[in-house]
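This structure is a prediction, so every number in the text was calculated from the model and none was measured.
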Amino acid sequence: MASPFYAQVYALVRQIPPGKVMTYGQIAWLLDKPQGARAVGWALHQLTPEMDVPWQRVINAQGKCSTFLQLSSDYTQQERLEREGVLFDEKGVTDLQQYQWHPPNALIDAILNNV
DNA sequence: GATCTGACCACCG
DNA sequence: CCGGTGGCCAGAT
């Protein structure tokens, strides 16, 4: 990992429970980079399916999938989330108020301390 | 070391 | 409501 920031992003994303989602900006903010949303996008862009990170649970601040590129399999990001119980409307928008996950502070602290 | 680019976000018209 | 613009961060060239 070139930067601990990447590892932190991955560690946090792995903790997102099924049926929940987080936004890029939220992740960046939790990792003490309030303006680092784009960096989070980069971290996820570097991911591979073999890394076993549920990147599909990370969406943009508008409640939509950032990309509809099929990156790894037969299903789109949205279809994967729908399987987990995250429902989208006809515009591909989900209700962040309902599905957004707020990790416990202890977890954030552990990740920031590189545990 | 400088410049470009990107799976973003907030703001403004 | 939708599209354009600026800004921040990290990686790639």
Distance-only check: which donor-acceptor pairs under 3.5 Å involve side-chain atoms of residues 103-115 of chain A, not counting sequence neighbours?
residue	atom	partner	partner atom	Å
A:D109	OD2	A:N113	ND2	3.4
A:N113	ND2	A:D109	O	2.9

A:I27 has an atom CD1; how far is it from atom C1' of C:dC8, in whole Å? 17 Å

Here the distance between atom P of C:dC9 and atom CG of A:L44, to the nearest Å, is 18 Å

Can you sort out the partners of A:Q62 under side-chain contact (heavy atoms from CB on, under 4.5 Å), two or more places apart, ordered by chain and number? A:N60, A:K64

Have A:Q78 and A:Q56 got a donor and an acceptor in their side chains that come within less than 3.5 Å? no

A:Q26 CD to C:dC8 P, straight-line distance once rounded to whole Å: 22 Å

Rounded to whole Å, how long is the line connecting atom CG of A:N60 with atom C1' of B:dA10? 13 Å

If the condition is salt bridge (charged side-chain N to carboxylate O under 4.0 Å, His left out), which residues does A:E82 pass it with, not counting sequence neighbours? none

Heavy-atom contacts under 4.0 Å between residues 90-101 of chain A and DNA chain C, which residues? none

When the distance from CD of A:Q62 to P of C:dC1 is rounded to whole Å, what number comes out? 12 Å

Contacts of A:E90 meeting side-chain hydrogen bond (donor to acceptor under 3.5 Å, both in side chains) (sequence neighbours excluded), chain-then-number -> none

When rounded to whole Å, the CG to P distance for the pair A:L30 and C:dC9 reads 17 Å

For residues 33-43 of chain A, which residues have at least one heavy atom under 4.0 Å from DNA chain C? A:K33, A:Q35, A:G36, A:R38, A:A39

So does A:Y24 reach the base of B:dA7 with its side chain, donor to acceptor, closer than 3.5 Å? yes

The criterion is side-chain contact (heavy atoms from CB on, under 4.5 Å); which residues satisfy it with A:A43, sequence neighbours excluded? A:Y6, A:V9, A:Y10

Atom-to-atom span, CG of A:L47 to P of B:dG6 - whole angstrom: 18 Å

Starting from P on C:dC9, measure out to CD on A:Q46 and report it in whole angstrom. 19 Å

Is the number of heavy atoms from other residues, nucleotides or ligands under 6.0 Å of A:D32 CG greater than 12? no

Members sharing A:F88's hydrophobic cluster (side chains within less than 4.5 Å): A:V21, A:I59, A:L81, A:V86, A:L87, A:L96, A:Y99

Can you list the residues that meet the side-chain contact (heavy atoms from CB on, under 4.5 Å) rule with A:K20, with sequence neighbours excluded? A:I16, A:P17, A:W101

